Amino acid sequence: MIPNLASPGWAVALIFIPLLGAMLAFLLPRIGVTLGLLAAVLTAGSVLPLLPMLAAHGATNIRIGGWGAPLGIELSIDGLTMAMLAMTALVGIAVSAYATCYLRPVPSRPDGQPDLQQRHFWPLWLVLWAALNALFLSSDIFNLYVTLELLGLAAVALTALSGGADALNGAMRYLLVSLLGSLGYLLGVALLYHAYGTLDLGLLALRVGDETVTRAALGAMTAGLLVKTALFPLHFWLPPAHASASAPVSALLSALVVKASFYLLLRLWLTLFGDLDSGLATLLGVLGAIAILWGSIQALRQARLKLLIAYSTVAQIGYLFLAFPLAATGGAVVWGAAVYLVLSHALAKAAMFLTAGSLLRFGAHDRIADLDRVVHRLPITIGAFTLAGVSIMGLPPSGGFIGKWLLLQAAFSQGRWGLALVMLAGGLLAAAYVFKVIGYAFTPAVVPHQAGLVPPTMEWTALALGAGAILLGFAWPLLWPLLEIGMPFGALAPDPGAAVGPWLGGPRILAP
Amino acid sequence: MNGTFWLPMLVLGSSLLPGLLIFFLAEDRSGIRTLLNLAGAVAKLLAVLWMLWGVYNGVAYEARLPFLPGLDLVLRVGPLSLLFVVLSTGLWLLTTIYAIGYLERSPHRSRFFGFFSLCVTATVGVAMAGNLLTFVLFYELLTLATYPLVVHRGSEAARQAGQVYLAHTLFGGALLLAGTVWLYTLTGTLEFTPRGFVSHLGETHRGSLIAIFALTVVGVGVKAALVPLHSWLPRAMVAPAPVSALLHAVAVVKAGAFGVVRLLYDVFGAEFAASLGVTGPLAVVAGATILYGSLRALYQDDLKRRLAFSTVSQVAYITLGVAIAGPLATIGGLVHLVHQGVMKITLFFCAGNLAETLGIHKVSEMCGVGRRMPWTMAAFTVGAFGMIGLPPVAGFVTKWYLGIGALEAGQDWAVYVLAGSSLLNAAYFLPILHVAWFRPPPPAWPHEHDFGPRETAWALLLPPVVTAILSVAVGLFAAAPFSPLEWATLIAEREFYLP
Amino acid sequence: MLSSLSPALTLLLPILWPLLLALGLLAAPLRQTSAALAITAALPALTLALAFPDLLLPMPALLIGGSGLLLDATGRMFLFGGALLWLLAGLLNPAATDERRSGLWFLLAMAGGLWMTLAADLPTFLAATAVGGYALYGLLASQGRVPFLVPLLVLSDLLLFELMLLLAPTAADLSFSALTTAWAAGEAVPLLLGLLVLGFGVKAGVLGVHLWLTPALRQAAPGNALALLAFVLAAGPLGWLRLLPLGAVTWTGAGDWLFGIGTATLAIAALLALIQTRQRLALANTLVALTGLWLALLGAALAAPSLATELASALPLAIVLAGLSLGALLIFQPPASAAAATEADTADSTGTDSPDQPAAHARWGGLTWTDPIWAAAAGLLALLLAVLTLDGAALAAAADRPLAFWLPAAVALAAGRALWLGLRGATMAAELGQLETAAAADASEPQADGIVVADARRPWVMAAIALLAAALGTLLFWLPWLAALILLLALALGLAADPLVRRLPGLPEGRLAAAEARLTAG
């Protein structure tokens, strides 16, 4: 069964291609890199045909094997999904290109075998990619659980890949947290299934009401996902895990994996729990605000680049959660802003971790104060870091700026001065830690940096990601209509009658 | 999509593209780099002159790109924009020539010139911004593009100066952003409009508007180096001389001052701002800055630091002029935008020449330098006289309009401020001139380079001489058509008299 | 349009020609030519003043609100005087045009100085003053310290700027005529008058702000001294004449004040002139005294508008002629000293004294034959100065001022003292030159008769000749006897004051004073 390129069923390829690639790369380690790259290119390429399809048909549900929602597996795709898939593809392809160079053993092994990292990276990463795509495409809360678990395991394995005590420690902690988070989520799934007798999001959305069990499910699932998303104060596991992993893995974890659980939370919130009038939104907002400040300050205090970037992730995640209280009256645009922040952070943070990898490769350390005029030797890398930093700071014109502007706008118009203040302060703190790095990149250090070779691919992929984060700033007029497809956030206008998304109304059903 | 769209884009692109290309040029390709630089600068100048002619004949240039929900990126060229665009474009050409000469033997020129071009791109963007959002965008871009230039030398002092610079400007940028967003939530538009677009909110949102004014003015005031937000400017003196010229005359400080003008006239409207009661305090701050800067300049032995404090003082003239908020004072403030630029860039070019040719960095080392470098010091003299406000150099015209404007608005105190500043200016500039011209030169200069028969390289000499001549010309021919003064008058008429 | 403007365009020439020459000095290929032509720099101005009708050149594109150049009766006087002084200065100061730097200062100062006399409006005038004033500082400072000048120039510019600010709101534009009209319509605001008096007074040398003048004039080379004088005339009294609403107002109180300030300046300066031991210092104080006189007269005219018209037409001539006379006294560089210098040179070169020269000295009391001519000329000049001031005094007397008589008398006294010092300085210098020659020759063999013993009569001979010339001049031209009497008095006082003055403490000693002491001791 070869799916028609123009048909929505093509979406299935997004899951199968990386899985297939992972198996092949695992079985044929000698050509693992080639296979891995090929699979990556194919997977990323598979996203492209979906775009015109989505534009032409609108939001779509896809039945695998022709079986409908309650019984069979259904994939659904709307603007939000599309954006996440595209983001994954972009970051994925860049990280793949980067990884081929980064993981290449410096002295090539005499037996011609790729070393352990190289050998296991590709299968694991492709599994991770498949899990991500599946997560974004699933519309069944149990399938979502499966993908979430798969994602978590793959991520933990990747973390452990770089070896060493730090990495293992970090990975272990990550594993426990990941399992805990999944458990929480699973509890929610069980509660919902028990109460409403269905796992399909669309059907659930029609059935849920403001009952205790729903609230319990909301609590359990949110808590589980918060752990995985590493919202303050549940962020403790993230910095060691992200910092100790090898650079491409860190990039994947920070840019994509964390976003997956956030996406899931967002999706649940939008379809199931959004109407529940609990104080949870405010709580999430407050936690987000604290995360911004705490993460930024911690980042500023770090002496090592990768830890700095990891703490920056903690802070940036905080921004995403500010959308929850603001969206109550701010509506769709606020959610759009959050998604925009997700996208730009993915690109920017991936770029940052990749540059950190380049610097590590170049100087064998990532102590910020000892960067020793690296800007003279790796201008492109520092340029990529700066571009990414601009987006992280939320300076115009960057994706980060658009998201922050819209959130600020909502905060001001709702009179939430505190949140506005936190956002501004967060931007300033971000600037402080980003420019701390850049400043030291200009000055000579006591310990001279040892020159090592950084392949151009590594420099340029990072730059491309950084530039992408900037260009995203100009893309709102293009991206917003895309995000609006299927109205995942409800209507833009505060018109309750029009708030019908694919999960609520009857979407077009297509069988491949 | 016609000339009125593409011309502003061309003005922007003529430095953006060369800048981006230069980033990726190898260090030793100095020929092609110079070509790119100069071609960009000349192309921009031609485009700007074309626009000047167009605007003079009533053409409205506008380029619009959708950006945010309900908000576009707008480049719009009117008389006020053009005043700044012409200034920065003209001086950019000269600064580029100067920088090519100045950095002849130093490393990392590709990076330098790349950011240099970006910096000017951001500046003309600030000048042409048609709404506050676009202004904020280019304003922040300017901050970012300048940073690598400030830390270009890569010394610890440079790094710290860079941190101080960023701490100030980004803080200001955040406040400006906050004010802008807040304003947008109230008005639903950010388009610059003559006499402002917020006056209809006066009754209901008085408090908010005052707060917004404070936020935004502090935001731009950081770059305009208003006391007490000025301390980044003297520290940024560690940068190479062309950068100082850029900071002080062409781009950064000017963007701040221009921002004050925009806010007062095209966002709030002078009359409305006065009715809010915010112009008075702003004028007082400007007055305090004028005197404080001059006083501090008096005690600096380091030449560039002295000039930096002088900038603090002089740029506040612009703010003072617009904050007095009368038509004549406005003319004075606006025209000083150009005058200060031309005069101060002359002084910095000259200071750079002294440093580069003879290794002189301090006033106390300048004994007899007038004999060794007569052309440089002649240009310096003209610039210094202009700063004091002696006719027929440009500064006189500014001082006149500020003074008469202050009297017209009944703000007599400003006249005393101007008088005091003139005296202080004389007190810190004239001793330099005396020492340079009439003291015997030392047996050896601190660090002398040989430039053959000429006093220094031609690329270093030409720009200050040209700007010195310009300083005299814009003062002497102040009442001629197309002079800065006439443009400023045109703008002030639009703000105050036209229906 | 152009043809109608073209005669007026000649007004630009006196300014542009020196500037062009200055530019030529800067450009290496033209330097020789420009230096050679530099002495002609003031010629266009002179021609314009003598041969051209009244002209007005409006320049609407220049400075604030447009400006212009103007040649009218008042301006013509000052242009003439200025041009003459600058021409002489150029002739006397070949070094100024030889050396590139001082040549530049010289030409710039000249351009500014002549521009001032042609300015039709205050901004142009200020611009010209700035160019002229600072260039003059350059000219003087390249030869020695000139304390106070720059701070006072700054102060002056500031005061005049404030004056302009305060006058402008009621005036149609910034031309002198409009400003004067506007002022005449208003009150005699003390602040405005104060700004006016002090603003121009700095350059004219009003008491209190004249501090720069004496030291500057004291050490200036003759050419530079003339340049300074030209600047003072154009930048000070001309400004007053241009701006004061003479004839249009009756400001009794203000007039009295000006008269008082002028009188005080005059009195103190004349007194100071009398106690000087150097000719230059006496002349500097005479200049200040003259300024005081003009100020007093202007004050009188303010209080009595009937007098004003007459005075306004007479004053420019008086001021310029007095200035020229003073200039002539300034360059009354004793030819005896020049002769002595030549003598010393020849003595050095030949190694022996020519035998007939001591005899000549003995015959004429040490005087050469040119000395009496110079003495006579100086006497006439001093007389002219006295007469001119007297003319003004007549006007003041017509205004019924109590001190009218004593004002010119005081100026004449000062001039007389300067004359006396000049005459004595001439003979002293001659003697000094011989002393030095002798000392040089003395090393080998004593020449007792080669050294002329100090002859206290010689200044008297010179003074007598000067007086005689003055008397003759008075007789021939029927000039007031009073002037001659005052001159006589001055010379007598000059003599009488000498021992007194020498006992005064605190006056710094220069070369001549030291020589004097040596001679008296010997």
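Scope of the values below: all heavy atoms of this structure, side chains included, with no hydrogens, waters or symmetry mates. Note that the structure is a prediction, hence the values are computed from the model and not measured. Lettering of chains follows the sequences in order, A, B, ..., and the numbering in each one begins at 1.
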Structural part of F171(B) lying under 4.5 Å from a heavy atom of chain A: both
Side chain, backbone, both or neither of F401(A) within contact of chain B (heavy atoms, under 4.5 Å): side chain
Region of P379(A) in contact with chain B, defined by heavy-atom distances below 4.5 Å: neither
Centroid-centroid under 6.0 Å between F115(B) and F23(B) rings: yes
Residue pair H376(A) / R111(B), side-chain heavy-atom distance below 4.5 Å: yes
Chain A contact via F24(B) - side chain, backbone, both or neither, heavy atoms under 4.5 Å: side chain
Under 4.5 Å from any heavy atom of chain A - which part of L144(B): side chain
Centroid-centroid under 6.0 Å between W417(A) and F412(A) rings: yes
Side chain, backbone, both or neither of L421(A) within contact of chain B (heavy atoms, under 4.5 Å): neither
Check: W476(A) ring centre within less than 6.0 Å of Y340(A) ring centre: yes
Toward chain A, the part of L73(B) with a non-hydrogen atom under 4.5 Å: side chain
Toward chain A, the part of F138(B) with a non-hydrogen atom under 4.5 Å: neither
Engaged part of L166(B) at the chain A interface, taking heavy atoms whose separation is under 4.5 Å: side chain
Heavy-atom proximity to chain B below 4.5 Å, by part of L408(A): both
Interface moiety of E156(B) toward chain A, non-hydrogen atoms closer than 4.5 Å: both
Gap between atom CD of Q316(A) and atom NZ of K349(A) - 0.5 Å precision: 5.5 Å
More than 12 heavy atoms of other groups within 6.0 Å of F474(A) CZ: yes
Test of ring centre spacing under 6.0 Å for Y147(B) and F435(A): yes
Results of side chain to side chain contact (heavy atoms under 4.5 Å, CB included) for A83(A) - residues two or more places apart only: L343(A), L483(A)
Atom group of L71(B) that falls short of 4.5 Å from chain A, counting heavy atoms: side chain
